[in-house]
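Notes to accompany the following structure.
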Protein chains: 2
Amino acid sequence: MGDSLKTRVRWVEDHRFVATTGSGFSLVLDNPHRDGGAAASPMELVLVSLAGCTGVDVVAILDKMRQPLERFEVEVEGSRADEHPRVYTVLDVVYRAWGDIDPSKLLRAVELSEGKYCSVSEMLRPTSKINIRVELNGEPVMAQRE
Amino acid sequence: MGDSLKTRVRWVEDHRFVATTGSGFSLVLDNPHRDGGAAASPMELVLVSLAGCTGVDVVAILDKMRQPLERFEVEVEGSRADEHPRVYTVLDVVYRAWGDIDPSKLLRAVELSEGKYCSVSEMLRPTSKINIRVELNGEPVMAQRE
């Protein structure tokens with residue numbers, strides 16, 4: 001077995017919790033659509049996890065490939081099921097990179113993350129169809145694929 | 001189809017990103033184990049999402065049951081696979097409630113979350129064995145089950 005990670009969330013009031021992770025950082029989570037809702041929701045954090053996980057992979061791989069990344073972002077949209085449990089049935093992931101980067105290396109980095117490294121994608125894939133789009137300097141570099 | 005949620009993470013430097021969710025809240029994510037790492041990691045946020053999702057369910061269900069919850073927390077430990085993608089293969093979830101609460105109602109609330117409402121548990125279950133433990137006022141109220 002590999003290592004383990006821990007976190008604890010403590011209820012504050014209403015739907016608000018404060019999470020403290022094993023690494024010692026804290027964040028608030030809440031229902032942002034309730035009156036006074038003051039933070040992202042747990043289901044939003046799933047999207048943040050996915051975008052962050054694959055985003056770190058791509059940044060690290062491009063760095064190893066000595067590609068000069070200037071700016072980079074990952075956008076994720078998740079469509080939820082109507083019925084409980086309201087899982088994400090579809091996840092649309094858009095990678096946007098800027099810089100003097102070889103498009104084929106950018107694609108390769110995204111594929112390595114999606115196919116091999118990104119633990120969050122791997123965990124969500126049984127439930128969610130994950131669509132990927134990649135843009136470099138504002139232009140698409142790969143058609144949408146499953 | 002139900003509604004959809006969106007988020008965007010922007011690369012800041014090294015492994016650090018800033019996420020902005022569709023509800024308008026922002027948070028930093030990072031690799032906390034790197035030099036200067038300044039926030040929770042994407043894989044830690046998966047645990048936060050799970051704990052928060054089921055935590056909100058339990059609080060809301062106990063509230064409907066008119067159970068006077070005084071204090072409440074959810075702890076999650078995730079054990080990761082050795083090989084990439086390093087998914088969580090086991091998730092140990094501990095619910096801790098305090099207050100003058102009917103233990104059977106607390107169990108029922110946890111079961112309703114795990115079995116029906118919690119979207120995050122449902123998405124992780126194909127990959128991760130989820131073990132549950134419930135404590136009320138410091139005493140276990142249910143043996144570990146699958």
Heavy atoms only, distances under 4.5 angstrom: which of [options] has the most pairs with chain B? Name it, please.
options: A/V18, A/D14, A/V87; result: A/V87
options: A/L45, A/T20, A/T21, A/V46; result: A/T21
options: A/S41, A/G55, A/A39; result: A/A39
options: A/N31, A/V28, A/V48; result: A/V48
options: A/S113, A/S26, A/A38; result: A/A38
options: A/G52, A/G22, A/S49; result: A/S49

Heavy-atom cut-off 4.5 Å, strictly under: side chain, backbone, both or neither for [X] against chain B?
X: A/L29; value: side chain
X: A/C53; value: both
X: A/A19; value: side chain
X: A/D30; value: neither
X: A/L5; value: both
X: A/E70; value: backbone
X: A/L69; value: both

Worksheet item: Is a side-chain donor-acceptor pair under 3.5 Å present for B/E77 with A/S4?
Response: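 The criterion, which ignores hydrogens and geometry beyond distance, is satisfied for B/E77 and A/S4.
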Between [atom1] on residue [X] and [atom2] on residue [Y], distance to nearest 0.5 Å:
X: B/R8; Y: A/L47; atom1: CZ; atom2: CG; result: 13.5 Å
X: A/S79; Y: B/K6; atom1: OG; atom2: NZ; result: 10.0 Å
X: A/E75; Y: B/R10; atom1: CD; atom2: CZ; result: 9.0 Å
X: A/M43; Y: B/T7; atom1: CE; atom2: OG1; result: 12.5 Å

Discussion item. If the contact rule is any heavy atom under 4.5 Å from chain A, which residues of residues 59-66 of chain B qualify, in numerical order?
Written reply: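 Against chain A, the residues of residues 59-66 of chain B that fall inside the cut-off (heavy atoms, under 4.5 Å) are B/V59, B/A60.
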Interchain contact, [X] with chain A, by part (heavy-atom threshold 4.5 Å):
X: B/F17; value: side chain
X: B/L27; value: side chain
X: B/R96; value: side chain

Worksheet item: What pairs meet the ring pair (Phe, Tyr, Trp, His ring centres under 6.0 Å) rule with one or both residues in residues 119-139 of chain B, with sequence neighbours excluded?
Response: none
Fill in: All pairs passing ring pair (Phe, Tyr, Trp, His ring centres under 6.0 Å) where residues 89-136 of chain B contributes a residue, at least two apart
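Sorted pair list: A/H84-B/Y117.
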Practice prompt. Anything in residues 121-128 of chain A with a heavy-atom distance to chain B below 4.5 Å? Please list those residues in order.
Written response: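 Near chain B, by residue number: A/E122, A/M123, A/L124, A/P126, A/T127, A/S128.
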